[in-house]
K.L.:
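Supplied in structure tokens, the structure appears directly below.
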Amino acid sequence: MSESSSNFIHDIIEADFAAGRRRLVTRFPPEPNGYLHIGHAKSICLNFGLAEKYGGQCNLRFDDTNPCTEEEEYVTAIQRDVRWLGFDWQDRLCFASDYFERLYEWAEQLIRAGKAYVCDLSPDEMADYRGNYYRKGRPSPFRDRSVEENLDLFRRMRAGEFPDGSKTLRAKIDMSSQNMNLRDPPMYRIRHVPHHRTGHAWCIYPTYDWAHGQCDAIEGVTHSICTLEFENHRPLYDWFLRELGIADPPRQIEFARLNLSYTVLSKRKLIQLVQQGHVNGWDDPRMPTLAGLRRRGYTPESIRAFCERIGVSRADSLVDVGLLENAVRDDLNRRAPRVMGVLHPLRVVLTNFPPGQTIELEAPLHPEDPSFGTRTLRLSRELYIERDDFRENPPNKWFRLAPGREVRLRYACLITCQEVVRDPHTGEIVELRCTWDPASRGGQAPDGRRVQGTSHWVSAEDSVPAEVRLYDRLFTCEDPGAQEDFLAYLNPASLTVLSGCRVEPMLAQASPGASFQFERLGYFCVDPDTRPGHLVFNRTVTLKDSWAKIEKKEQASRLASAGGPGTPRG
RNA sequence: UGGGGCGUCGACAAGUGGUAAGUCACGGGUCUUUGGUACCCGCAUCCGCAGGUUCGAAUCCUGCCGCCCCAGCCA
């Protein structure tokens, strides 16, 4: 493993080791109430990466303390995603629910120590008694119940004698604390709801705040790494650990969660996108979920590289999604075989090519890596090129096809456009009639003449049809999560389905998930919707397009010199 | 009117008193049968602002400004 760039957590851990600590145990603690997303990947890479780096171990622990929102489906999906990312928790699959009995015993211990009490306040009353940022709280009228009464009530809570919400067990800490978390926070609530793992065994469930630190302690977690919003809770976690007399408690370290531009990363919002049908499920390729990214064609390696590059700090940030895109391009450039696919086919007839004849050409599957081998291309009289590769009135610096211009067909030959055929009614260009230079077979100019443009192409006869799904950012603004109504910024053009595409015949055999570079266009992978006779590709990411940049610049300068700035159009 | 954090290039992010790493983006160039890749060059006299300490500060001190989190029986 290459050395990652340093971060403040490394410093803390190294200082702990220097001070005598022997081992490192971390954990990734998801709640099974949604799918994992790229933000979780940051945490996963951090926690498992730390364990790897310092020879420790990292557990996968489900913080399943709230049966109202959690489901088995998520438990399964989360495990699949962590494994897919490339991490292994071995036999350390843990659940907070496995510790419910131990947590219960600890709760009784606190009651006996006079540090916890059963409270009959309703949620509204409790909020009122708690006060606010500027006003201290008042003690609950039930705060001074005797140990015996508390014990009796708590046991009866467990036994199911009271309705939902009628009572809570609260820590007795400090109603006037400046830290709201210490104003006698609830430890248990009554929920007559079955749990996906413990079934009907419990009708009282521990709160996350009560459970988390102790769960870490049970597992021997040495460094409990979490996001910044839990920093305010740390004094509470430390209080529990201290009052319980737990030796060698975990040390909590907070870092800033990931924000990615042009998407949302909050579970609430993601679940909304799914449930309201703005996307087609958790694995919609436009989703920032690991399932979505996987279906989109992102590799685990690229996601890990991304997490490595963004670093870890305590400063709020909004990472440019371009960084993620660059990470996949970088990875796929090395590992994706090159093929040709035409998204918007334009028929080309080679008028001087012998009818019925076919020339076979060997083409490398990766120009920089011969180990990929080659495949056979068949050139015949009729073929398709990309509509965008032809311009009847070529702009400045254009070196693709145009009337009278010569261009190279990748790995095939040089052709010159002689005639443009249009639909007599619509005027649409339907065909190009070109001549080829038979001496240029393979694409080499026989006399060394310079032909700058190279186009991808596909044989009209033996190419196969395909559906191609083009994705764009899900939102039109950089930080939709910060807007009042993030749904108002959904990008209506986030998905474009192209149905008349043509690809090389070898792709008919490709299996779902396989990635390819369609030369000059981008990286595409086979979607699981693919059926025999119906190929479906997802565009993972485009290639960098410097022509687009040049054209944009030319247009801008033309506009500037012609009409001056700000000339309205249309 | 409280408490806890954070502010270094367009976006991330190193740096921990000795004179501003790296990545992405951006600009320029070389190479090129992908206007892809690769490679080369450039890109913060300055570290939220203002004072102070020091031979010397992004790093220490003081004050100010800005942003984030906290009033769920969510996590």
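To find a chain, count down the sequence lines: A is the first, B the second, and so on, and within it residues start at 1.
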K.L.:
Considering only NZ, NE, NH1 and NH2 on the basic side and carboxylate oxygens on the acidic side, decide whether A/Glu386 and A/Arg400 come within less than 4.0 Å.
P.N.:
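Looking at A/Glu386 and A/Arg400, the cut-off is not met.
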K.L.:
Name the nucleic acid region contacted by A/Asp320, choosing base, sugar-phosphate or nothing; use a 4.0 angstrom heavy-atom cut-off, strictly under.
P.N.:
sugar-phosphate
K.L.:
Using Watson-Crick or G-U wobble geometry with both distances below 3.5 Å, tell me the partner of B/rC49, or none.
P.N.:
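Partner of B/rC49: B/rG63.
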K.L.:
Please confirm whether A/Arg158 makes a cation-pi placement over A/Trp202, using NZ or CZ under 6.0 Å from the six-membered ring centre and within 45° of the ring normal.
P.N.:
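Positive - A/Arg158 is close enough to the ring of A/Trp202 and near enough to its axis.
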K.L.:
Assign A/Lys553 to base, sugar-phosphate, or nothing according to its heavy-atom contacts below 4.0 angstrom with the strands shown.
P.N.:
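Sugar-phosphate contact only - A/Lys553 comes under 4.0 Å of backbone atoms but never of a base.
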K.L.:
Nearest whole Å is fine: how far is B/rA71 C1' from A/Arg170 CZ?
P.N.:
13 Å
K.L.:
Nucleotides 6-8 of chain B: which of its N/O atoms have a protein N/O under 3.5 Å away?
P.N.:
residue : atom : partner  : partner atom : Å
B/rC6   : OP1  : A/Arg314 : NE           : 3.4

K.L.:
What nucleotide among B/rA71, B/rA75, B/rU37 has an atom nearest to a side-chain atom of A/Asp63?
P.N.:
B/rA75
K.L.:
Distance check, P atoms only: B/rC6 and B/rC61, in whole angstrom units.
P.N.:
13 Å
K.L.:
Considering only the C1' atoms, how many Å lie between B/rG15 and B/rA57, rounded to the nearest integer?
P.N.:
13 Å
K.L.:
Roughly how far apart are A/Asp320 CG and A/Ser261 OG, rounded to 0.5 Å?
P.N.:
4.5 Å
K.L.:
So which heavy atom on A/Ala402 is nearest to which on A/Phe390, and how close?
P.N.:
CA-CE1, 3.7 Å
K.L.:
5'-most contact on RNA chain B: A/Arg410 or A/Ser317, nearest heavy atom basis?
P.N.:
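Its nearest nucleotide lies further toward 5', so the answer is A/Ser317.
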K.L.:
Closest to the A/Glu31 side chain: B/rA71, B/rC74, B/rU34?
P.N.:
B/rC74
K.L.:
Can we say A/Arg145 and A/Asp120 salt-bridge, meaning some charged N sits less than 4.0 Å from an Asp/Glu carboxylate O?
P.N.:
yes
K.L.:
Would you measure the distance from the P atom in B/rU30 across to the matching atom in B/rA50 and give it in whole Å?
P.N.:
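The same atom, P, in both gives a distance of 43 Å.
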K.L.:
B/rG72 phosphate, OP1 or OP2: any side-chain N/O from A/Arg189 under 4.0 angstrom?
P.N.:
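Answer is no, no contact under 4.0 Å.
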K.L.:
Which nucleotide, B/rG36, B/rC73, B/rG2, lies nearest any side-chain atom of A/Tyr134?
P.N.:
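When the side chain of A/Tyr134 is considered, B/rG2 is the closest of B/rG36, B/rC73, B/rG2.
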K.L.:
Reckon A/Thr65 has a side-chain N or O less than 4.0 Å from the OP1 or OP2 of B/rC74?
P.N.:
no
K.L.:
Quick one: is B/rA13 close enough that its OP1 or OP2 comes under 4.0 Å of any side-chain N or O from A/Ser313?
P.N.:
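For B/rA13, OP1 or OP2 has a side-chain N or O of A/Ser313 closer than 4.0 Å.
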K.L.:
Considering just the side-chain nitrogens and oxygens of A/Lys136, establish if one lies under 4.0 Å of OP1 or OP2 belonging to B/rU1.
P.N.:
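Checking A/Lys136 against B/rU1: no side-chain N or O falls below 4.0 Å of OP1 or OP2.
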K.L.:
Which sits closer to the 5' end of RNA chain B, A/Arg135 or A/Met126, going by the nucleotide each is nearest to?
P.N.:
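The answer here is A/Arg135.
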K.L.:
Is B/rA57 paired to anything, Watson-Crick or G-U wobble with both distances less than 3.5 Å, and if yes, which nucleotide?
P.N.:
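Its partner is none (no Watson-Crick or G-U wobble pair with both distances under 3.5 Å).
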K.L.:
Can you find a donor-acceptor N/O pair under 3.5 angstrom joining the side chain of A/Asn326 to the base of B/rC24?
P.N.:
no
K.L.:
Using ring centroids (six-membered ring only for Trp), state whether A/Phe154 and A/Tyr188 fall under 6.0 Å.
P.N.:
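Ring centres of A/Phe154 and A/Tyr188 closer than 6.0 Å.
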K.L.:
Is any side-chain nitrogen or oxygen of A/Arg130 closer than 4.0 Å to OP1 or OP2 of B/rC70?
P.N.:
no
K.L.:
Let me know the distance between CZ of A/Arg520 and P of B/rU37, rounded to the nearest Å.
P.N.:
14 Å
K.L.:
So which of A/Thr65, A/Asp63, A/Thr207 actually passes side-chain hydrogen bond (donor to acceptor under 3.5 Å, both in side chains) with A/His212?
P.N.:
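By the side-chain hydrogen bond (donor to acceptor under 3.5 Å, both in side chains) criterion, A/His212 pairs with just one of A/Thr65, A/Asp63, A/Thr207: A/Asp63.
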K.L.:
When the C1' atoms of B/rG7 and B/rA75 are compared, how many Å lie between them, rounded to an integer?
P.N.:
28 Å
K.L.:
Determine whether any donor atom in the side chain of A/Glu254 lies under 3.5 Å from an acceptor atom in the base of B/rG4, or the reverse, and answer yes or no.
P.N.:
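No, no donor-acceptor pair under 3.5 Å.
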K.L.:
For A/Leu153, does its backbone N or O pair with a side-chain atom of A/Asn150 as donor and acceptor, under 3.5 Å?
P.N.:
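It does not hold such a pair.
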K.L.:
Roughly how many Å is it from CG in A/Leu228 to C1' in B/rC70, rounded to a whole number?
P.N.:
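Going from A/Leu228 (CG) to B/rC70 (C1'), I get 12 Å.
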K.L.:
Separation of A/Asn232 atom CG from B/rC69 atom P, in whole Å?
P.N.:
11 Å
K.L.:
Kindly indicate whether the side chain of A/Arg191 and the base of B/rC73 share any N or O donor-acceptor pair separated by less than 3.5 Å?
P.N.:
yes
K.L.:
Just to confirm, is there a sub-4.0 Å distance from OP1 or OP2 of B/rC26 to any side-chain nitrogen or oxygen of A/Lys549?
P.N.:
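It does, given that an N or O in the side chain of A/Lys549 lies less than 4.0 Å from OP1 or OP2 of B/rC26.
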K.L.:
Would you indicate what A/Val312 reaches in the nucleic acid, counting non-hydrogen atoms under 4.0 angstrom: base, sugar-phosphate, or nothing?
P.N.:
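The answer is sugar-phosphate, as A/Val312 gets under 4.0 Å only of primed atoms, P, OP1 or OP2.
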K.L.:
Where the side chain of A/Glu229 is defined as all heavy atoms beyond and including C-beta, which of B/rG36, B/rA75, B/rG72 is the nearest nucleotide?
P.N.:
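Shortest atom-to-atom distance from the side chain points to B/rA75.
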K.L.:
Just checking A/Glu368: base, sugar-phosphate only, or nothing, at a heavy-atom cut-off of under 4.0 Å?
P.N.:
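If one applies the 4.0 Å heavy-atom cut-off, A/Glu368 turns out to touch a base.
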K.L.:
If we take the C1' atom in both B/rU8 and B/rC43, what is their distance in whole Å?
P.N.:
16 Å
K.L.:
What integer distance in Å separates A/Asp331:CG from B/rC24:P?
P.N.:
15 Å
K.L.:
Between B/rU16 and B/rG28, how many Å separate the two C1' atoms, rounded to a whole number?
P.N.:
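About 37 Å, rounded to a whole number of Å.
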K.L.:
Side chains of A/Thr454 and A/Arg410: do they bring a donor and an acceptor to under 3.5 Å?
P.N.:
no
K.L.:
Using the C1' atom in both, what is the distance from B/rU1 to B/rG51, to the nearest Å?
P.N.:
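The same atom, C1', in both gives a distance of 29 Å.
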K.L.:
Send over the distance from A/Tyr411 OH to B/rU34 C1', rounded to a whole Å.
P.N.:
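These atoms are roughly 8 Å apart.
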K.L.:
With a 4.0 Å cut-off on heavy atoms, is A/Asp164 in touch with a base, just the backbone sugar-phosphate, or nothing at all?
P.N.:
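Nothing: the residue A/Asp164, judged by heavy atoms under 4.0 Å, touches no strand.
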K.L.:
Starting at NE2 of A/His233 and ending at C1' of B/rA75, how long is that distance when rounded to a whole Å?
P.N.:
9 Å
K.L.:
Counting only side-chain N and O atoms of A/Lys267, is one of them less than 4.0 Å from OP1 or OP2 of B/rC74?
P.N.:
no
K.L.:
Please say whether the positively charged group of A/Arg170, taken as NZ for Lys or CZ for Arg, lies over the ring of A/Tyr117, i.e. under 6.0 angstrom from the six-membered ring centre and within 45 degrees of the axis.
P.N.:
no
K.L.:
For the C1' atoms, the ones on B/rA14 and on B/rA21, what distance do you get once it is rounded to whole angstrom?
P.N.:
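After rounding to an integer number of Å, I get 6 Å for this pair.
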K.L.:
Taking A/Arg314 first and then A/Glu231, would you say they form a salt bridge - that is, a charged N and a carboxylate O separated by under 4.0 Å?
P.N.:
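Looking at A/Glu231 together with A/Arg314, the answer is yes, because their closest N to O distance falls below 4.0 Å.
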K.L.:
Nearest to the side chain of A/Asn333, which nucleotide is it out of B/rG36, B/rA71, B/rC12?
P.N.:
B/rG36
K.L.:
Does any nucleotide pair with B/rG2 by Watson-Crick or G-U wobble geometry, both distances under 3.5 Å, and what is it?
P.N.:
B/rC70
K.L.:
Using the side-chain heavy atoms of A/Ser6, tell me which of these nucleotides is nearest: B/rC12, B/rA14, B/rU34.
P.N.:
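Selected nucleotide (nearest to the side chain): B/rA14.
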K.L.:
Any donor-acceptor pair, under 3.5 Å, between the side chain of A/Arg338 and the base of B/rU34, if you only look at N and O atoms?
P.N.:
yes
K.L.:
May I ask you to say what A/Tyr205 touches in the nucleic acid, namely base, sugar-phosphate or nothing, with a heavy-atom cut-off under 4.0 Å?
P.N.:
nothing
K.L.:
For B/rC39, which nucleotide is its Watson-Crick or G-U wobble mate, given both distances must be under 3.5 Å?
P.N.:
B/rG29
K.L.:
Give the intermediate values and the outcome of salt bridge (Lys or Arg N to Asp or Glu O under 4.0 Å) for residues A/Glu219 and A/Arg27.
P.N.:
CA-CA 9 Å; A/Glu219 293 175 13; A/Arg27 98 273 94 122; over 6 Å; no
K.L.:
Mind checking if A/Glu325 touches a base, just sugar-phosphate, or nothing, with heavy atoms under 4.0 Å?
P.N.:
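Nothing, no heavy atom under 4.0 Å.
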K.L.:
Between A/Arg138 (CZ) and B/rA71 (C1'), how many Å, whole number?
P.N.:
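Answer to the nearest Å: 14 Å.
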K.L.:
Could you say whether the aromatic ring of A/Tyr188 and the base of B/rC73 stack, counting only centre distances under 5.5 Å and plane angles under 30°?
P.N.:
no
